[in-house]
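Counting starts at 1 for both ligands and their atoms, following the listed order.
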Amino acid sequence: MVKICCLGAGYVGGPTMAVIALKCPDIQVVVVDITKSRIDAWNSDTLPIYEPGLDEVVKQCRGKNLFFSNDIEKHVSEADIIFVSVNTPTKTRGLGAGKAADLTYWESAARMIADVAKSDKIVVEKSTVPVKTAEAIEKILTHNSNGINFQILSNPEFLAEGTAIQDLFNPDRVLIGGRETPEGQKAVQTLKAVYAHWVPEDQILTTNLWSAELSKLAANAFLAQRISSVNAMSALCEATGANVSEVSYAVGKDSRIGPKFLNASVGFGGSCFQKDILNLVYICECNGLPEVANYWKQVIKINDYQKSRFVNRVVSSMFNTVANKKIAVLGFAFKKDTGDTRETPAIDVCKGLLGDKAKISIYDPQVTEDQIQRDLAMNKFDWDHPVHLQPMSPTTTKQVSVTWDAYEATKDAHGICIMTEWDEFKTLDYKKIYNSMQKPAFVFDGRNVVDSEKLREIGFIVYSIGKPLDGWLKDMPAVA
Ligand SMILES: NC(=O)C1=CN([C@@H]2O[C@H](COP(=O)(O)OP(=O)(O)OC[C@H]3O[C@@H](n4cnc5c(N)ncnc54)[C@H](O)[C@@H]3O)[C@@H](O)[C@H]2O)C=CC1
Ligand SMILES: O=C(O)[C@H]1O[C@H](OP(=O)(O)OP(=O)(O)OC[C@H]2O[C@@H](n3ccc(=O)[nH]c3=O)[C@H](O)[C@@H]2O)[C@H](O)[C@@H](O)[C@@H]1O
């Protein structure tokens, strides 16, 4: 029986391996991690991540051909194929700080593999890494190899959170990059055979190593660029009276552009877009391509602009101060159907409002108070490390309260900021909410989820990203 071991039981390692186990009953899959609590959670009834459909997949295979373990060295030494799906955070210190990828976890994984391997292995890059990382990994493995043959493959993951299981069941494509040697090509075919259990062959693309590594960074950069493009347009829409939903619909109807990923928002979040673009920028700079670097940097700048523009709009609409005013924040996760808060725009918006001395009451159906307090206390990029290596007991922010009830969060509030597009926010009883709030009562919709006309009829002053401004907001122009 072929044995797969995956290093890293996170948002990628867990769901990806669960689906491989489900679709390949003839393969044994073991997911290992240096964080014991994560493995304990994978072995419990409460999985460490919330992802629709994941529980069912895990329940079907766990204990049969899917296992979660802390015994890293044993499973690595026994495996034929080793996926490495560990953190690749942005460096916070030293050379390339604030841009370059920190490959500490990857390097230590590679050294450990070289130390414990007793038979030939295929080592698969599942983490998103800088182009040419495979070359460095190869050097680490071969210099410590004791004669064992390692083949490195790049197999980047394209799943999106909230739809991970669907994306893994029906991927647009699976990408496998390998060395153009007979051994390299044999390894590519071995991995291809795993995916061919459920993915049509013509959707399994094979390339050289560097193309596969770079395609992942490029795909995320293109996706984020679409959001920054529509968000840049949203500012112009507000200034001119155009409606960003109508503009993106009209633009997306062009079959060359397509309708997806054109929703204006308070900004993109998530663990990867910013990190991967910064990494791309750094690689361009290192390759003497400052013009290309600056081009991609702009995607991040517009995203930061969009978040600060939103905060400015909130503050300026409310008589230029939110000091001691209760602001309800609905949604904290970076998108709906996930409890993940990494790089969520809600963090920057909350920090901006706190900077203006607001009191914030937060409700998100999937995010705990502990997580929110950690997020608001943590420095930029510190979140992307194994849990036990993150700051232990961050100071809690007193002006922030967290509740499990949207009505409690909005009671007595002066304004509501919608930060995540949870479906339930569309069907809240806004009349009841309005009656319980201070007046004038404001709604700032960072995701364009509410029916602004209906809310205006109730009496709210409503701001929706990229939509024509109502009279109140026009009289109080926000300075970006
Ligand atoms: N989150 C996402 O949607 C996607 C993430 N990626 C990439 O996948 C990689 C992992 O991302 P996530 O799963 O989101 O991160 P994560 O933080 O959820 O999981 C990473 C796990 O690796 C573990 N780990 C770190 N060093 C280790 C080692 N030496 N041995 C064993 N375990 C170790 C950590 O404890 C952690 O549980 C990153 O490179 C990311 O850019 C790629 C596509 C999608
Ligand atoms: O490398 C990764 O980590 C993954 O990054 C993204 O997936 P993810 O971050 O999970 O979620 P997305 O659906 O891409 O959303 C990212 C952010 O953009 C925002 N967004 C998305 C689409 C849109 O039209 N507008 C918009 O503001 C979302 O609200 C969210 O904050 C990519 O979609 C995946 O293909 C990729 O594998």
So which heavy atom in the protein is nearest [atom], and how far is it from that ligand atom?
| atom | value |
| --- | --- |
| atom 17 (O) of ligand 1 | N87 ND2, 3.0 Å |
| atom 37 (O) of ligand 1 | D33 OD2, 2.6 Å |
| atom 30 (N) of ligand 1 | I34 CG2, 3.8 Å |
| atom 41 (O) of ligand 1 | K275 NZ, 2.6 Å |
| atom 42 (C) of ligand 1 | T128 OG1, 3.5 Å |

Using a 3.5 Å cut-off on N or O atoms only, is R38 in polar contact with ligand 1? yes
Test your reading of the structure: does V12 have an N or O sitting under 3.5 Å from an N or O of ligand 1? yes
Just by distance, with hydrogens left out, do Q371 and D375 show a side-chain donor and acceptor under 3.5 Å apart? yes
Going by distance alone, is a donor N or O of one side chain under 3.5 Å from an acceptor N or O of the other, for E238 and Y463? yes
In terms of heavy-atom contacts, does CZ of F169 have more than 12 from other residues, nucleotides or ligands at under 6.0 Å? yes
Should the heavy atoms of other residues, nucleotides or ligands under 6.0 Å from CD of E73 be counted, would the total exceed 12? no
I want to confirm something. Looking only at heavy atoms, which of [options] is nearest to [atom]?
| atom | options | answer |
| --- | --- | --- |
| atom 1 (N) of ligand 1 | K126, E157, E125, E161 | E161 |
| atom 39 (O) of ligand 1 | L103, T88, V32 | T88 |
| atom 6 (C) of ligand 2 | F158, F268, F334, F273 | F273 |
| atom 10 (C) of ligand 1 | T338, I113, V86 | V86 |
| atom 19 (O) of ligand 1 | G10, S127, C272, A160 | G10 |

Taking heavy atoms and a distance under 4.0 Å, where does [X] meet ligand 1: side chain, backbone, both or neither?
| X | value |
| --- | --- |
| M112 | neither |
| S108 | side chain |
| D340 | neither |

Minimum heavy-atom separation for [X] and [Y], please, with both atom names.
| X | Y | value |
| --- | --- | --- |
| E285 | K99 | OE1-NZ, 2.8 Å |
| E107 | I140 | CG-CD1, 3.5 Å |
| G252 | L262 | CA-CD1, 3.9 Å |
| P386 | T35 | CB-OG1, 3.8 Å |

Non-hydrogen atom of K260 closer than 4.0 Å to ligand 2: no
A side-chain contact here means heavy atoms from C-beta on lying under 4.5 Å apart; do C417 and V314 qualify? yes
Below 4.0 Å from any atom of ligand 1, is there a heavy atom belonging to R342? yes
Measure [X] to ligand 2 on non-hydrogen atoms and call it side chain, backbone, both or neither using the 4.0 Å cut-off.
| X | answer |
| --- | --- |
| K216 | side chain |
| R226 | neither |
| L262 | backbone |
| I227 | side chain |
| V230 | neither |

Pull out every atom of ligand 2 sitting under 4.0 Å from any heavy atom of R447, numbered as shown with elements. 27 (O), 28 (C), 29 (O), 31 (O)
Is the shortest N/O to N/O distance between [X] and ligand 2 below 3.5 Å?
| X | value |
| --- | --- |
| C272 | no |
| T128 | no |
| D276 | no |

Would E138 and R179 pass as an ion pair if we require N to O under 4.0 Å? yes
